[in-house]
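Notes follow the structure.
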Protein chains: 2
Amino acid sequence: MEAVKPTFQLYEKKFKALADEKRLEIMYELCQRGKTCVCDLMEIFGVSQSKLSYHLKILLDANLIEKETKGTWNYYDINEKEVNNLLSEELCCIFRKVENKAGNNSCC
Amino acid sequence: MEAVKPTFQLYEKKFKALADEKRLEIMYELCQRGKTCVCDLMEIFGVSQSKLSYHLKILLDANLIEKETKGTWNYYDINEKEVNNLLSEELCCIFRKVENKAGNNSCC
DNA sequence: CTTATATATCAATTTTTTTTGATTTAACAA
DNA sequence: TTGTTAAATCAAAAAAAATTGATATATAAG
């Protein structure tokens, strides 16, 4: 009996989203800061609004980050569960929220 | 004291290499078969020689696979250590050599 | 209602990546 | 040496992704 060949479309999408230094920095910043609105991210990265929106959408579509709307503000945060399912412990430690780092994890 | 911001260039490169369904399939096939020469991969994927070479080079440059030359043949294989350092256990199981799957791993 | 603010979306352009076919390199066999 | 095979590399073309500036949408405030 042969193992069924997995379909990699979904992973392609997720890795594409991660395949950009700017987006990795966004992910890292979201971990460090938790829920952050677009305007703050704009300041942090000194990047135009539409460009930032574009990159956030790619991460969002890959389900690596989450969005919460409050009035006119949109707050983004890391989707830690999804990241943990995808990346190694070592890497998850980079993309793990500050408050969770000191805990009972084997790594970090 | 603030955490030093990691540089993500290296990860960008690795994720770029993974951000392609064809290359993920190559990785999977290498796990299933172990050391495999380019000509066999050409048959398996029904893809042109130069195209395959191109994709193998990207994976090789990202250090996700390894190359061994014997005469005119080049054999490629997964770089399991590197993959384990990068990806979650769940994903490593997809990209783990058949002979290592039945063992004492917590997953698979 | 009018205005202002936050953010998403769109269309055109630029940049990057991928594909293709041809050429090159290197090892081997006759 | 000559011919053959495996595989890398190159240059041009095609396709995909990113950037830019403008516009649209939606909420909130006056």
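Lettering follows sequence order; numbering is per chain, from 1.
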Inset, instruction - Please list, by residue number, the residues of residues 38-56 of chain A whose heavy atoms come closer than 4.0 Å to an atom of DNA chain C; answer none if no residue qualifies. - result: A:Val38, A:Cys39, A:Gln49, A:Ser50, A:Ser53
Quick one: which protein N/O atoms are closer than 3.5 Å to N/O atoms of nucleotides 13-16 of chain D? Pair and distance per line, please.
none

Inset, instruction - Nearest 0.5 Å please: distance from the CG atom of B:Leu30 over to the CG atom of B:Leu41. - result: 5.5 Å
Legend entry - Donor-acceptor pair between B:Ser88 and A:Asn85 side chains, under 3.5 angstrom: no
Inset, instruction - Using a 4.0 Å cut-off on protein heavy atoms (strictly under), produce a 5'-to-3' string for nucleotides 24-30 of chain D with B for base contact, S for backbone-only sugar-phosphate contact, and - for none. - result: --BBS--
Inset, instruction - May I have the step-by-step check of side chain to side chain contact (heavy atoms under 4.5 Å, CB included) for B:Phe95 and B:Leu24, ending in yes or no? - result: CA-CA 9 Å; B:Phe95 297 121; B:Leu24 291 171; 3.9 Å; yes
Inset, instruction - Measure the spacing between CG of A:Leu52 and CE of A:Met42 and express it to the nearest 0.5 Å. - result: 7.5 Å
Inset, instruction - Determine the contact category for A:Tyr76: base if any of its heavy atoms lies under 4.0 Å from a base atom, sugar-phosphate if only primed atoms, P, OP1 or OP2 are that close, otherwise nothing. - result: sugar-phosphate
Inset, instruction - Could you state the atom-to-atom distance from CG of A:Leu24 to C1' of D:dA18 in whole Å? - result: 16 Å
Legend entry - Reported NZ-to-CD distance for the pair B:Lys13 and A:Glu21, which is rounded to 0.5 angstrom: 13.0 Å
Inset, instruction - Could you check how far CG of B:Asp61 sits from P of D:dA8, rounded to whole Å? - result: 11 Å
Legend entry - Where at least one partner belongs to residues 39-56 of chain B, residue pairs that pass side chain to side chain donor-acceptor pair (under 3.5 Å), sequence neighbours excluded: B:Arg23-B:His55
Inset, instruction - Flag the pair A:Lys35 / A:Tyr76 as yes when at least one side-chain heavy-atom distance between them is below 4.5 Å, and no otherwise. - result: no
Legend entry - Nearest-0.5 Å distance, CD1 of residue A:Ile78 to CE of residue A:Met27: 3.5 Å
Legend entry - DNA chain C: 5'-most and 3'-most nucleotides touching chain A, 4.0 angstrom heavy-atom criterion: C:dT5 to C:dT9
Legend entry - Rounded (10°) bend between the five-pair end axes of the helix from C:dC1-D:dG30 to C:dA30-D:dT1: 10°
Inset, instruction - Find the distance between CG (B:Asp77) and CD (B:Glu68) and round it off to the nearest 0.5 Å. - result: 9.0 Å
